[in-house]
> 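First the structure, which I've put down as structure tokens, then a few questions once you've had a look.
Please read these numbers as outputs of a predicted model, since none were measured by experiment.
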Amino acid sequence: MSTTAEILQQTTTFFSETISQPDIRRRIFSILRNNLSPSVQLNIKQLNLAADTLENAITTTNSSVRSSSLRLSEKLLLSFPQNPFSSFLLSLIYTLCQRPIDASITLLNLFETDPSIARSEVAPQVFEDILLINFLPVLEWYNEQRSRILSSLSSNCGYESDENSIVTDSVVSCTTLLSKMNGNQASELKELERDYEQVLDENCRVFAGYFKEILGNKDGNGVIVPPLVVLEAIHKGDGHHVLNQDEKSISTQFGSKNGRYNPIWTDKGEEQSVKTLSKFPSFFPERVSPRLLTNQRLSSTTSKPSPNQDYSDSEPDNNSCSINMSSSDSDTEEIEVKNIEITSSDKKQKQPILIEPSSFDPAMEDYENQINEDKHADTPPKDFVCPITTHIFNDPVTLETGQTYERKAIQQWLDRGNVSCPITRQKLHSAHLPKTNYVLKRLIASWKELSPGSGNGNGIGNSSYDDILQLTSPDSVISQATIDGTLNELRHAITNLCTSEVLKEAETAVLKIERFWQETNMELEIQKMLSQPPVINGFVEILFSSIDTRVLIATVFLLSELGSRDGNVIATLTRVDSDVECVVSLFKKGLFEAIVLIYLLKPSIPGLLQMELVDSLLSVVSKKEDEFFKMCVKPKAAAVMLLGWIVGSGDDVAVFGVVKRVISGKAIECIVESLESEWIEERIMAIRILLRCMQEDGKCRNVIADKAELAPVLESFVEAIDGERFEIVQFLSELVKLNRRTFNNQILHIIKDEGSFSTMHTLLIYLQAASTDQSPVIAGLLLQLDLLEEPRKMSIYREEAIDTLISCLKNSDSPAAQIAAAETILALQGRFSSSGKPLVRMYLLKHAGFDKTYRSTIRKAQLSTISGELHDTKDEEKAAQEWERKMAFVLTSHEFGLIFEALSEGLKSRYAEVCAVSFVCATWLVHMLEVLPDTGVQGAARVCLLNRFVSIFKSAKDPEDKALSMLALSSFIHDPDGLRDITTHMKDILKGLREFKKSSNVAFEMLKVFSEGSESSADLWSHKELTQQDCSMNGEVLSIASIKDKIFSGHSDGTIKVWMDKGSVLHLIQEIREHSKAVTSLTVPQSGDTLYSGSHDKTVRWWSINKESIHCEQVYDVKDQVNNLLVANSISCFIPQGAGIKIQSWSGTSKLLNPSKYVKCLALVHGRLYSGCQDNSIQETDLATGTLSSIQSGSRKLLGKANPVHALKVHDGLIYSASSAVEGTSLKVWNASNYTLNQTVSLGSEVRTMVVSSDIIYMGCKGGIVEVWCRKKLSRKETLQTGTNCRVVCMALNSNEDVLLIGTSDGRIQAWEVS
């Protein structure tokens, strides 16, 4: 693998698989997160945000969303220190951005920073296909060293073998070899394994760097020498050895994948096969079935396994079966190795185990005679006791050092920062504990059954059957014979289950027990007999070993039945983590009945989240009940319960994952069916799930509202506990947030009338006892139910609900209660989007003149209805208005406007969120006072809120907040007292009103009121000179432009100056001269982050605008003098030195338009180019099609003076032109759509430049004056004197249209305040 194409082929395959399969992606993310260093873990939020943003880019179908998400996630990751997780995320980002080389290099970074994780967990296939082929000398060296160790071991044990037989043909049991090793040999072999891992890691780093160099050699000209294979950590001689790949060749075949291989674990059945091992197998035993224990006779000699013996693969987990006892117990009796035969493929595997010679016989039928008469019978063997806790093992684990400890004890030892074995003090190479030592665990369980003094009760023997109560009448001999026969059959089945070595016999036993359970009325003693640990362990072994679905279902059924009746059964199952993992694995593989057992095991919430069961749970929920085996708990009910636990976990990521899958998997309707369940717990969990679905994605609300039966929900309210009751209230409150008011009213009627009790009375009682944080939601629902009819004069429900809302608003000690109360009031307005979000703010903005967002939202809501048809919006709007009127009336009239006082308290809060939501509530209620009957509360609203609204209007930076406060203030100006109070603040609010007058009728009407009925908006404006700057040393001011707080001026000597607008002062922050001749044009596109300058030096320059300066990014040679430069998208338009208009693209191509005309001025609007010419003609050119249209025809004069069009502007669909004529200068207004002349007026001065604002036309003239005209009436209002007789060359308005900038021919720049 030495070319870029070959590397990219392998990495691209890996990335494609990872991106297309979310399960693989989530697994890798989890692995990399868990392996981050503690310092990185402290700042994990940024990485998680990047990962979530990347996931959004992968799943979205919107290309613009994907592009922006990728840019954001890349920016987040590049600002974060490099680590394996960030490298992997970047590689996926580069793949999605079509940058395969960058993606591959970033993946190789992962192999450099953490090669062990990269090759074993993240990208093993990439490692095998690209890197491993280069490591053959490493594998050969490892093979030789291992062969040397094992050869000496085999010769010491009397085995005849050569080197190859040990390497590839070994059939010696791993357990037997380990039992024959002395301490030095085992230590040497482990040291070799550690060295092998280190060497692989180092070579991964070296070759990853090599392949990065190959990918970086884009032109292919560089010569890159492959690196040498490095063998480090060989603690002999000089410490390490560098081995060239050509020095050796491999003469033996051996399996290797992921760089991990060790034939000591190779069995005869796996001979000559390639074995994939992501990690080294443990030296020590993991799990052995209790049926592997057989009744062995004591023998003075220990038999050895035959070298030619076949090993069965029927139980792949049983790779080793020896118990390694603690070396600290020097007094322990000598343990003999018993050889256990390996059965044929249809039997369970047996391998050597270590047992005490005088201990016991585990056969079930001999249990009554198994009590050892030895004096040590009641004392546990030392090997059964943890050396740390000094108690009998409950969950023994055997470390790599050979010592066995209680899992919890050794885990605590490691959690305290220790990295060595407590007894041997050898350093542990992995902090992950191995699986439970099941051989030892089963021996301890059997010993407890046989030892009366062990405190575990008697075992199960034949004597236990003698005490079973008769199941039928003892008077019937026939019945008694039948009972005896059945009991004998059951006794035999239990014995086979616990002791049989043949899998088929044990499976048959399970089916017999299951049939016995189904057909017989079970008595307590029989239940106790089946609940004993040996029997439960036998059932568990069936789950591990069997592949028969019927047997597995029967086993799960029996364990579920027993677990539902006896908590000790659950304790037995949960004592060993791998038993629970087995049940979970079977469930995820399709044994859906196992969900009942998982539910009964009641896993912890963190454990439940780690199981990743959501997809399987939803599969169960979506199936019909008749598809399952009849269980003690319905599988669907158990699945809903577990989903409810996950949703209630408080883990936002987990909850969002559940909700996303529930909605995308269309399981909503199936969960809605659980609302009608007879089991109240299932109904409560279904309510919880549906509530979170509506909260996370409100669009599912329509489906729930359409399908849900609310009567069972209301019945559940009586039996539920407080926390569950609040969830029910939240569920009902969310349900009435549909985007159709008539539907909401129908649901409210159902809530009010359904059920066997009074809903309103029950809610009232619950409200009076509820906590402060919960009471606003309850009060809101109660108030809506009360308002279904026309508001009555008195209602205890309404009074209690509104009092609660006001009390919560005033409770400054509980911001959460204030927010909940204000949000409830917003929801009471009654208008919602399709996702259930209140539309109060957008509704108010619409009235204030910002109606685009509101109309867009309403349109989307209409198009997203279930039927797909537009409903009658008039009826819906009428119903919404009627509901809003009733709700506002009862809220504002309560206690003569007491709610305004409460909202005023909320506006004073130091918490921004409380202020924001209280502000919207106050605006809505004050705005509604205009349409409500006058009950005398307007004065209370004015006293409590007017000053707050004025303050917000003056100081708010958000234009929407200013618009809302303006709307609220407009409600007071029609009242004489209100107008009087507002007039005192007129100076503070006039400027803001002028900013809004062009977009809001509310602002215009308020300005009219303040100006005492003035009809013309231009009459409201005045002009005042702010400052003047003398730049005469740079020649004429030929161009001027403004954006935000910066002003740019272009001068005739090629200088560009950058000014900062600081109120009444223009502060020069930069002066730059990169043009060699006059700068005739400056233009700023709408984006506002770039500046273009045109000059007589035949260039156009592109400048980037920074905080304190501008910087030239590119120079375009246009090969002609530039006048009147305009820029749109990828082209520029300007007037050249000669005739015509030149169109220049940034790619370098150009063309000349209208070559027969000498153009004096240009205007560009929406792809249409307007030109005023020397011969007084005005023309329009469509740049897309090249179509030329004439607006005004020119006049050709041979001897007379030309009448050119000096200024041309297009604004609001009208074309304004100023030109000279025989009878004088004139201003003409044309309709841009049909080119008709609307109006013509004569001017007193010759115009050279023009600027048009929303209300005013400014015309700069020859004599140093600026005429101010009303745009709507075309009447002169004012004349501004610049103080010089030179002509006005250029003018510009800032973005707020409150500063006029003027440049003159004598080099002066003036700024005038428009107020």
Side-chain angles (χ1 to χ4, degrees), residues 64 67-79 97 99 102 1029 1031 1034 1037-1062 1065-1134 1142-1150 1162 1164 1167 1290-1296 1299 1301 1303 1309 1311:
S64 61
S67 177
S68 60
S69 298
L70 290 175
R71 285 196 301 272
L72 174 59
S73 54
E74 181 182 7
K75 184 176 180 181
L76 287 170
L77 293 171
L78 291 177
S79 65
C97 292
R99 295 161 59 185
D102 290 339
Q1029 298 292 330
C1031 303
N1034 301 110
V1037 181
L1038 298 179
S1039 55
I1040 195 164
S1042 173
I1043 183 69
K1044 297 179 181 176
D1045 58 347
K1046 291 185 178 63
I1047 297 168
F1048 309 96
S1049 60
H1051 302 264
S1052 59
D1053 66 346
T1055 301
I1056 297 177
K1057 293 186 177 184
V1058 183
W1059 309 82
M1060 184 70 74
D1061 181 7
K1062 293 189 175 181
V1065 178
L1066 292 182
H1067 176 61
L1068 181 64
I1069 60 175
Q1070 186 183 13
E1071 182 174 340
I1072 187 168
R1073 186 174 180 180
E1074 295 193 14
H1075 283 291
S1076 60
K1077 292 185 179 181
V1079 178
T1080 60
S1081 306
L1082 293 173
T1083 180
V1084 180
Q1086 291 183 350
S1087 61
D1089 56 356
T1090 56
L1091 172 72
Y1092 291 90
S1093 62
S1095 170
H1096 282 171
D1097 64 2
K1098 301 182 181 181
T1099 64
V1100 173
R1101 291 179 179 264
W1102 164 36
W1103 308 80
S1104 60
I1105 302 176
N1106 301 318
K1107 187 174 182 181
E1108 297 291 340
S1109 64
I1110 62 174
H1111 177 70
C1112 183
E1113 300 290 346
Q1114 185 133 8
V1115 179
Y1116 301 98
D1117 183 6
V1118 296
K1119 297 181 173 49
D1120 214 328
Q1121 291 186 0
V1122 178
N1123 296 283
N1124 208 159
L1125 174 68
L1126 301 173
V1127 175
N1129 299 326
S1130 60
I1131 64 169
S1132 64
C1133 312
F1134 61 87
K1142 194 166 185 179
I1143 308 297
Q1144 181 89 25
S1145 71
W1146 301 135
S1147 61
T1149 60
S1150 65
L1162 293 176
L1164 178 62
C1290 55
M1291 292 192 302
L1293 283 167
N1294 69 349
S1295 55
N1296 292 329
V1299 175
L1301 301 166
I1309 298 175

> So which heavy atom on V1115 is nearest to which on R1101, and how close?
CG2-NH1, 3.0 Å

> Looking at every non-hydrogen atom in both residues, tell me the closest pair between Q1121 and K1098 and how far apart they are.
N-CG, 3.7 Å

> Partners of D1045 by salt bridge (charged side-chain N to carboxylate O under 4.0 Å, His left out), sequence neighbours excluded?
none

> Got a donor-acceptor contact below 3.5 angstrom from the E1071 side chain to the T1055 backbone?
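Side chain of E1071 to backbone of T1055, a donor-acceptor pair under 3.5 Å: no, none is there.
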
> At what distance, to the nearest 0.5 angstrom, does CD1 of I1131 lie from CG of L1164?
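Going from CD1 on I1131 over to CG on L1164, the span is 7.0 Å.
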
> With heavy-atom distances below 4.5 Å as the criterion, would you say the side chains of V1299 and S1042 are in contact?
no

> I'd like to know if the side chain of S1095 and the backbone of K1077 have a donor-acceptor N/O pair within less than 3.5 Å.
yes

> Check whether any side-chain heavy atom of P1085 sits under 4.5 Å from a side-chain heavy atom of Y1092, and report yes or no.
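Side-chain contact under 4.5 Å: yes.
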
> Do L1068 and Q1029 make a side-chain contact, defined as non-hydrogen atoms from C-beta onward lying under 4.5 Å apart?
no

> Measuring from W1059:CH2 to I1309:CD1, what's the distance to the nearest 0.5 Å?
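That separation rounds to 5.0 Å.
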
> Could you walk me through whether V1127 and W1146 pass side-chain contact (heavy atoms from CB on, under 4.5 Å), step by step?
CA-CA 10 Å; V1127 175; W1146 301 135; 3.9 Å; yes

> Can you name the nearest heavy-atom pair linking L1082 to G1050, along with the distance?
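So the minimum-distance heavy-atom pair works out to CD1-N, 3.4 Å.
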
> Within the side chain of R1073, is there an N or O that forms a donor-acceptor pair under 3.5 Å with the backbone of D1053?
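Checking the backbone N and O of D1053 against the side chain of R1073, a donor-acceptor pair under 3.5 Å is found.
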
> Is it true that a side-chain atom of S1150 and a backbone atom of Q1144 form a donor plus acceptor pair closer than 3.5 Å?
no

> Under 3.5 Å, is there a donor-acceptor pair between the side chain of D1117 and the main chain of K1119?
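Yes.
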
> Would you check if the side chain of S1145 reaches a backbone N or O of T1149 as a donor-acceptor pair within less than 3.5 Å?
yes

> Between L1162 and L1126, which heavy-atom pair has the shortest distance, and what is it?
CB-CD1, 3.6 Å

> Can you see whether S1109 engages H1111 through a side-chain donor-acceptor pair at a distance of less than 3.5 angstrom?
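No pair is found: no donor N or O on one side chain lies under 3.5 Å from an acceptor on the other.
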
> Is there a side-chain contact between Q1114 and V1100, using heavy atoms and a 4.5 Å cut-off?
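No - every pair of side-chain heavy atoms lies 4.5 Å or more apart.
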
> When you measure from the side chain of K1046 to the backbone N and O of K1107, does any donor-acceptor pair fall under 3.5 Å?
yes

> Return yes if some donor-acceptor pair links the side-chain N/O of K1142 with the main-chain N/O of V1118 below 3.5 Å, else return no.
yes

> Just how far is it from atom OG1 of T1083 to atom CG of L1091, taken to the nearest 0.5 Å?
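Atom-to-atom, T1083:OG1 and L1091:CG are 8.0 Å apart.
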
> Against W1103, only a single residue in T1090, I1056, V1058 fulfils side chain to side chain contact (heavy atoms under 4.5 Å, CB included); can you say which?
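So the option named by the test is I1056.
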
> State the OG-CG distance between S67 and L72, to the nearest 0.5 angstrom.
11.0 Å

> Walk me through it: do V1037 and H1051 pass the test side-chain contact (heavy atoms from CB on, under 4.5 Å)?
CA-CA 5 Å; V1037 181; H1051 302 264; 3.8 Å; yes

> For residues I1040 and I1047, determine if any side-chain heavy atom of one lies less than 4.5 Å from a side-chain heavy atom of the other.
yes

> Any side-chain heavy atom of D1089 within less than 4.5 Å of one from I1105?
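No, every pair of side-chain atoms sits at 4.5 Å or beyond.
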
> Is the side chain of D1097 donor-acceptor paired with the backbone N or O of H1075 at a distance under 3.5 Å, no angle test?
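No, the answer is negative, given that no donor and acceptor are paired below the 3.5 Å cut-off.
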
> Let me confirm one number: the CG-OG distance from N1124 to S1081, rounded to the nearest 0.5 Å.
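N1124 CG to S1081 OG: 5.5 Å, rounded to 0.5 Å.
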
> Measure across V1122 and H1096 and return the closest heavy-atom pair with its distance rounded to 0.1 Å.
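Residues V1122 and H1096, closest heavy atoms: O-CD2, 3.8 Å.
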
> Could you tell me which non-hydrogen atom of L1301 sits nearest to which non-hydrogen atom of A1311, and how far apart they are?
CD2-CB, 4.0 Å

> How about F1134 and T1080: do any of their side-chain heavy atoms sit closer than 4.5 Å?
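Not in contact.
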
> Can you list everything that forms a salt bridge (charged side-chain N to carboxylate O under 4.0 Å, His left out) with R99? Sequence neighbours excluded, please.
E74, D102

